[in-house]
Amino acid sequence: MKTNTTKQSAPNKQAKQTKVRRSSFFYIGGAISAVMTLLVVISFFWTPYSPTAVDASAKMQPPSAAHLLGTDNVGRDIFSRVLQGAGTSFVIAICVVLIGCFFGVLIGALCGYYGGVADAILTRICDSITAFPAILLALVIVSIIGGGAFNIVLALGILFIPSFARIVRSEFARVRSQNYIQAARLMGAGDARIIFRHILPNTIPVLLPAVTIGFNNAILSEASMSFLGIGIMPPQASLGSMMNDAQTYLRNAPWYAISTGVTIALLILGFSLLSEGLQQSNRRA
Amino acid sequence: MKYVAKKFLALIITLFIVSLLAFLAFQIIPGDPTTKMLGTQATPEAIAALRHRLGLDQPLPLRYWNWLTAFLTGDMGTSYSYNMPVRDMLSDKLPITALLTLLSFVITVVLSLPLGVLAGSVKNPVLDKLYTALDQVVMSIPAFFIGILACFLFGLTFRLFVPGNFISYTVSWSACLGYLFFPALSIAIPRIAMTVKMLRGSILNEMGQDYVRTARSRGNTRRAALYRHVLRNALIPVITFLAVSMAEIMTGSIVIERVFSIPGIGRLLLASINNRDFPVVQAIVVILAAWIVIVNFVADVLYQLIDPRIRLR
């Protein structure tokens, strides 16, 4: 992510000023995200305990050296489950952003570049969809096609397309008639070359914050849906459904709810600080 | 006036698209509602009779038209699970959710405006950074987690309310509002953080404008320039944002109703999704969607009302 952004600021007018000044939010956010990502990646291969191993002799234990975040109502290690749940949220959010970004960029680029009736209709539809909170529509879609990780990714992915399409479209519409594009056209560049080689790289500064915001929205949507019981199905750990369990045992095991909630908040915080830092350096540039 | 008329036309078109999508979405559901209502043992004659009674034997555009006109006159169909009019199921739940949304919105407005002005007028750079960082942290906490923390802290520890013991407004208004306060606050807190961030950015942006320098050179203090000149301009984007928040708060209440066991529309929606009671789901979705579209329309009109410059565009 870092190499990417330094690259895009290079063709700036003040290219001699080699180093881009980043806000401290960018570094703090980057550090939190990096640690969370690392933990998630490690959890794919190794967790302190099996996230699904039931231990009747160690029910609802408070945090200790043996169980960093304590155990839940059937004696499962909360730290291991939080890691697995974060992994699930992570993978779902990445898939959702990939789907949304890929189709969003495609639709936005074509609409913004060519304009016309198709653009007007698609923009209208995108506006109608973005008017709704993703969770509401995702709940409806999942109620029709059924739950499970795959369907959640599908539902949220489709719902995230318009937000990306909108941003990319407005960038393309803005840049379309600028001189360097006309110059490229005069040099005989085809539409595809202009779209992908000349305009698309210029949309990256506005696209990156959108990606991080989209990632956060996906994490939050998935957690909310699983919390409502319409999402990831047990026994697969998910931060949302763990939160739902944790609420039942709030009185006797408050650490369960707190560790799960803080994990969700940290996942979101890291990326929102990153996005804030990116936007600040965009404004400065 | 032309602006309002244009926006109104867009409102009608969007409402039409939304209703069409809501109608079509529930047509592609596999399985026939008659199986659900009559069971698998029903005779073909009974199924045909029921299909005729429900209007399922008619062509799709006609069914859409019938559904739309019935919906607009208040007939939202019949629940599969309870065999009672959807309208009656909604009538006592809708006010509770509306009350929760309204309360949460009021809290958001009352707290975010002064906090935002404060954030926008902090001059000490360290304090400013601290304030912004705190704002980002609060923004990142999901509302349902705040709700659970509130249940633990104010419900179980300080015993200010009993989680799960909701008292309807039909019994006692004060007890009902008292119970709804913490859920409303839980939805409001992240929204407040977002609004504060927005207002701060807006104030800082306006403070750099030429007219502020003019005001300052005429002897206004920074404070006077802020309150007399900057604020009314800085509030414009925030008001639109607050209007959009209204829609977000309503959906936020779906999750929060679950946390605090409030028998509102959100709980009904979830129960209906689990029972595959589609007429109820459809009705709730259309109502929420229409609400959001209308709120956005009001925001656009308000925007134009406060900022005459937009008419020129």
Side-chain angles (χ1 to χ4, degrees), chain A residues 23-25 28-29 32 124-125 127-137 139-147 216 219-221 223-225 227-230 239-240 243-244 246-247 250-251 254 256-258 260-273 275-276 279-280 283, chain B residues 10 13-15 17-18 21-22 25-26 28-30 129 132-133 136-149 151-153 155-157 163 190 197 201 244 247-252 254-255 258-259 266 269-270 272-274 276-278 281-282 284-285 288-289 292-293 295-296:
Chain A
S23 89
S24 46
F25 287 143
I28 300 172
I32 297 177
R124 188 82 244 149
I125 294 175
D127 280 352
S128 310
I129 296 178
T130 28
F132 302 107
I135 297 179
L136 178 65
L137 290 184
L139 281 177
V140 173
I141 295 180
V142 168
S143 81
I144 294 170
I145 63 175
N216 278 350
I219 295 249
L220 191 59
S221 304
S224 305
M225 287 169 74
F227 176 73
L228 294 174
I230 298 170
L239 294 174
M243 205 72 198
N244 192 20
Q247 205 197 349
L250 197 54
R251 192 186 297 270
Y256 191 6
I258 291 169
T260 313
V262 168
T263 309
I264 302 176
L266 278 178
L267 273 177
I268 294 175
L269 179 66
F271 283 91
S272 80
L273 287 178
S275 133
E276 181 65 21
Q279 281 168 331
Q280 281 183 4
R283 277 197 290 273
Chain B
I13 294 172
T14 316
L15 279 176
I17 295 177
V18 163
L21 286 178
F26 289 95
I28 58 169
I29 299 164
K129 202 129 223 187
T132 316
Q136 286 283 346
V137 171
V138 175
M139 235 163 70
S140 306
I141 309 175
F144 63 91
F145 182 42
I146 298 179
I148 290 175
L149 286 180
C151 275
F152 179 68
L153 207 62
L156 299 177
T157 313
K197 183 183 168 189
V244 176
E248 295 276 335
I249 288 172
M250 187 113 177
T251 32
I254 297 177
V255 184
R258 166 99 171 203
V259 176
L269 177 67
L270 289 172
S272 307
I273 287 175
N274 283 328
R276 303 183 68 76
D277 194 347
F278 292 114
V281 178
Q282 192 177 27
I284 293 175
V285 168
L288 289 183
I292 293 166
V293 175
V295 163
N296 280 319

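Order of the sequence lines sets the chain letters (A, B, ...), proteins ahead of strands, with each chain counted from 1.
- Residues B:I148 and A:A257 come closest through the heavy atom pair CG2-CB, 4.0 Å.
- Of the two parts of B:K129, the backbone and the side chain both hold a non-hydrogen atom closer than 4.5 Å to a non-hydrogen atom of chain A.
- The candidate from B:I141, B:V255, B:V281 with the greatest count of non-hydrogen atom pairs under 4.5 Å with chain A is B:V255.
- B:P142 and A:L220 make their closest contact through CB-CD1, 3.5 Å (heavy atoms, listed as atom of the first residue, atom of the second, distance).
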key: Worked check of side-chain contact (heavy atoms from CB on, under 4.5 Å) between A:I264 and B:F145   = CA-CA 9 Å; A:I264 302 176; B:F145 182 42; over 6 Å; no
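- The shortest heavy-atom contact between A:S224 and B:F144 is OG-CE2, 3.6 Å.
- Looking at B:L21, there are no atoms closer than 4.5 Å to chain A (heavy atoms on both sides), in backbone or side chain.
- For the pair A:Q247 (side chain) and B:V259 (backbone), a donor-acceptor distance under 3.5 Å is present.
- For chain B, the nearby parts of A:I258 are the backbone and the side chain; heavy atoms of each come within less than 4.5 Å.
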task = For side-chain contact (heavy atoms from CB on, under 4.5 Å), just list the numbers for B:L269 and A:L136, CA-CA rounded to whole Å, side-chain angles, deciding distance to a tenth of an Å, and then say yes or no.
result = CA-CA 10 Å; B:L269 177 67; A:L136 178 65; 4.2 Å; yes
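- Note on A:I230, A:L267, A:T260, A:N216: by heavy-atom pairs under 4.5 Å with chain B, the leading option is A:I230.
- B:V137 and A:L269 get closest at one heavy-atom pair: CA-CD1, 3.7 Å.
- Ranked by heavy-atom pairs under 4.5 Å with chain B, the first of A:A265, A:A223, A:G240, A:G261 is A:G261.
- Of the atoms belonging to A:F25, it is side-chain heavy atoms, and not backbone ones, that fall under 4.5 Å from chain B.
- Within the 4.5 angstrom heavy-atom criterion, atoms from both the backbone and the side chain of B:A133 approach chain A.
- Contacts of B:A143 with chain A are absent, with no heavy-atom separation under 4.5 Å from either backbone or side chain.
- The most heavy-atom pairs under 4.5 Å with chain B, out of A:V262, A:I125, A:I219, come from A:V262.
- Neither the backbone nor the side chain of B:T157 comes within contact range of chain A; no heavy atom of the residue lies under 4.5 Å from a heavy atom of that chain.
- Only the side chain of B:L149 has a heavy atom closer than 4.5 Å to any heavy atom of chain A.
- Two residues are said to be in side-chain contact when any heavy atoms from C-beta on lie closer than 4.5 Å; B:T251 and A:I135 fail this criterion.
- Most heavy-atom pairs under 4.5 Å with chain B: of the set A:N244, A:L266, A:I28, this distinction falls to A:N244.
- Atom CD1 in B:I273 sits 5.0 Å away from atom CG in A:L139 (nearest 0.5 Å).
- Proximity to chain A (any heavy atom under 4.5 Å) is restricted, for B:I17, to the side chain, taken from C-beta onward.
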